A.B. asks: 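What follows is a structure written as structure tokens; I'll ask about it next.
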There are 2 protein chains.
Amino acid sequence: MHSCLNLGWVDHPVSTARLARLYGLPAAYLNKQLQALVRAGILTSVPGPHGGFRLARNLEHVSLLDVVVAVEGPDSAFRCTQIIRHGPGGRPDVDYRSACAVSQSMRRAELAWRRELAARTLADVAADVTRQNPDAPGHIRAALAR
Amino acid sequence: MHSCLNLGWVDHPVSTARLARLYGLPAAYLNKQLQALVRAGILTSVPGPHGGFRLARNLEHVSLLDVVVAVEGPDSAFRCTQIIRHGPGGRPDVDYRSACAVSQSMRRAELAWRRELAARTLADVAADVTRQNPDAPGHIRAALAR
DNA sequence: GATTGAATACTCGGATAGAGTTTGTCCGAGTCTACAGGG
DNA sequence: CCCTGTAGACTCGGACAAACTCTATCCGAGTATTCAATC
């Protein structure tokens with residue numbers, strides 16, 4: 001998310017090494033995550049010299065949920081193992097991921113989490129950043145200038 | 001959670017082995033989780049023959065969040081590593097777990113999740129179970145009878 | 001027959017290994033750039 | 001002086017190990033029961 005925000009301040013491709021150096025991160029590892037963002041259509045990659053990553057679309061059109069799903073995967077955090085299928089009164093033909101009352105409650109909670117993340121875009125977060133720390137964009141632009 | 005619900009149908013201590021046999025679970029592993037629920041004050045343990053676990057308080061007074069916190073631990077699922085502390089414009093004296101805009105948004109989403117879990121008690125879930133499957137309590141009582 | 005004592009079986013409780021997922025690393029394929037040689 | 005070809009360096013991309021968390025297991029401490037011996 002921070003890398004996406006940083007890319008929002010500039011308008012030219014930035015290499016993984018440059019982005020990683022901002023926070024002292026392992027470049028190869030960050031690259032792995034950025035690739036996931038490319039597969040999700042959030043970033044685009046440019047090979048060769050002067051290449052790197054840039055935003056595929058405006059920050060307004062990228063929700064926090066988009067980023068989370070891209071990095072963490074599409075599976076929900078709570079996974080129902082259908083445990084009561086093997087219990088007394090359990091039927092093999094019922095899908096307890098939707099029928100089990102416990103699973104329903106857990107999914108409802110996770111849905112609230114996702115709803116909150118979906119309602120917030122990276123542009124909203126960027127606005128908060130500039131409000132709280134107006135010279136942050138300048139710092140980032142300077143660090144990412146060619 | 002299922003074990004707590006099951007204990008809600010009976011009023012005598014039930015051993016780990018009995019509870020585990022309901023779903024074909026490893027008894028020693030379930031015991032570990034039940035111990036966590038005891039430490040959290042949700043269950044009480046009774047040693048010796050005819051011992052086991054029983055509810056420490058009524059299901060109405062146990063929220064899903066209580067169970068989750070007892071088993072998963074008190075730490076939030078999202079942990080801010082204060083990454084921007086090492087970036088340009090980062091200050092060592094600021095706690096970015098509360099100051100960072102990204103962290104704020106993630107925490108807000110997790111708060112929505114916790115709020116949902118806190119608003120729902122095990123008694124609510126038990127009511128759903130009896131509504132959807134009225135003979136489930138009978139099945140469990142029969143399986144857990146001395 | 002009632003009581004007391006010890007032995008026994010059953011329970012929880014925390015310390016100890018094994019699998020799975022996340023984190024971190026490496027090298028190869030592709031591409032733009034820059035330079036040198038020739039026209 | 002301009003053009004073209006080639007070598008080089010830089011980038012992403014996916015395949016490969018290490019660390020950590022979660023899952024699963026084992027054995028010891030404690031307690032109610034039960035049985036037998038005694039009063």
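Since we're looking at a predicted model, the values are computed, not measured. Chain identifiers are assigned alphabetically (A, B, ...) following the order of the sequence lines, protein sequences preceding nucleic acid strands; residue numbering begins at 1 within each chain.
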A.B. asks: Which nucleotide sits closest to the side chain of Pro47(A): dG13(D), dG13(C), dT31(C)?
C.D. replies: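 Nearest nucleotide to the side chain: dT31(C).
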
A.B. asks: Can you tell me if Arg57(B) has over 12 outside heavy atoms packed within less than 6.0 Å of its CZ?
C.D. replies: yes

A.B. asks: May I have the distance from Gln35(A) (atom CD) to dC26(C) (atom C1'), rounded to whole angstrom?
C.D. replies: 13 Å

A.B. asks: By the 4.0 Å heavy-atom rule, please label Arg39(A) as base, sugar-phosphate, or nothing.
C.D. replies: sugar-phosphate

A.B. asks: Given dT33(C), dT25(D), dG13(D), identify the nucleotide with an atom nearest to the side chain of Pro26(B).
C.D. replies: dT25(D)

A.B. asks: Charged N to carboxylate O under 4.0 angstrom, Asp95(B) versus Arg97(B)?
C.D. replies: yes

A.B. asks: Locate the shortest heavy-atom distance separating Tyr96(B) from Ile84(B); write the atom from each residue and the value.
C.D. replies: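 For Tyr96(B) versus Ile84(B), the nearest heavy atoms are CD2-CD1, 3.3 Å.
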
A.B. asks: Please give, in whole Å, the distance from dC12(D) P to Phe53(A) CZ?
C.D. replies: 5 Å

A.B. asks: Rounded to whole Å, how long is the line connecting atom CD of Glu72(A) with atom P of dT21(C)?
C.D. replies: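 That distance rounds to 14 Å.
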
A.B. asks: Reckon Ser15(B) has a side-chain N or O less than 4.0 Å from the OP1 or OP2 of dC10(C)?
C.D. replies: no

A.B. asks: Using atom CD1 of Ile83(B) as one end and atom P of dT23(C) as the other, report the distance to the nearest whole Å.
C.D. replies: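 Atom-to-atom, Ile83(B) to dT23(C), this comes out as 12 Å.
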
A.B. asks: On the nucleotide dC12(D), are OP1 or OP2 found under 4.0 Å from the side-chain N or O atoms that Thr16(A) carries?
C.D. replies: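 Affirmative; the distance criterion is met.
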
A.B. asks: State whether Ser45(A) places a side-chain N or O below 4.0 Å from either non-bridging phosphate oxygen (OP1 or OP2) of dT11(D).
C.D. replies: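 So the side-chain polar atoms of Ser45(A) never come under 4.0 Å of the phosphate oxygens OP1 or OP2 of dT11(D).
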
A.B. asks: Please state how far atom CG in Leu30(B) lies from atom P in dC22(D), giving the value in whole angstrom units.
C.D. replies: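 My rounded result for the distance is 18 Å.
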
A.B. asks: Below 4.0 angstrom, N of the basic side chain to O of the carboxylate: do Glu110(B) and Arg114(B) qualify?
C.D. replies: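 A salt bridge links Glu110(B) with Arg114(B).
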
A.B. asks: Could you check how far CG of Leu37(B) sits from P of dG13(C), rounded to whole Å?
C.D. replies: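 Distance check: Leu37(B) CG to dG13(C) P gives 11 Å.
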
A.B. asks: Using heavy-atom distances to pick each residue's nearest nucleotide on DNA chain D, tell me which of Lys32(A) and Gly52(A) is more 5'.
C.D. replies: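 On the 5' side of the pair lies Gly52(A).
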
A.B. asks: dT25(C), dG13(D), dT25(D): which one has an atom nearest the side-chain heavy atoms of Asn31(A)?
C.D. replies: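 Nearest to the side chain of Asn31(A) among the choices is dG13(D).
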
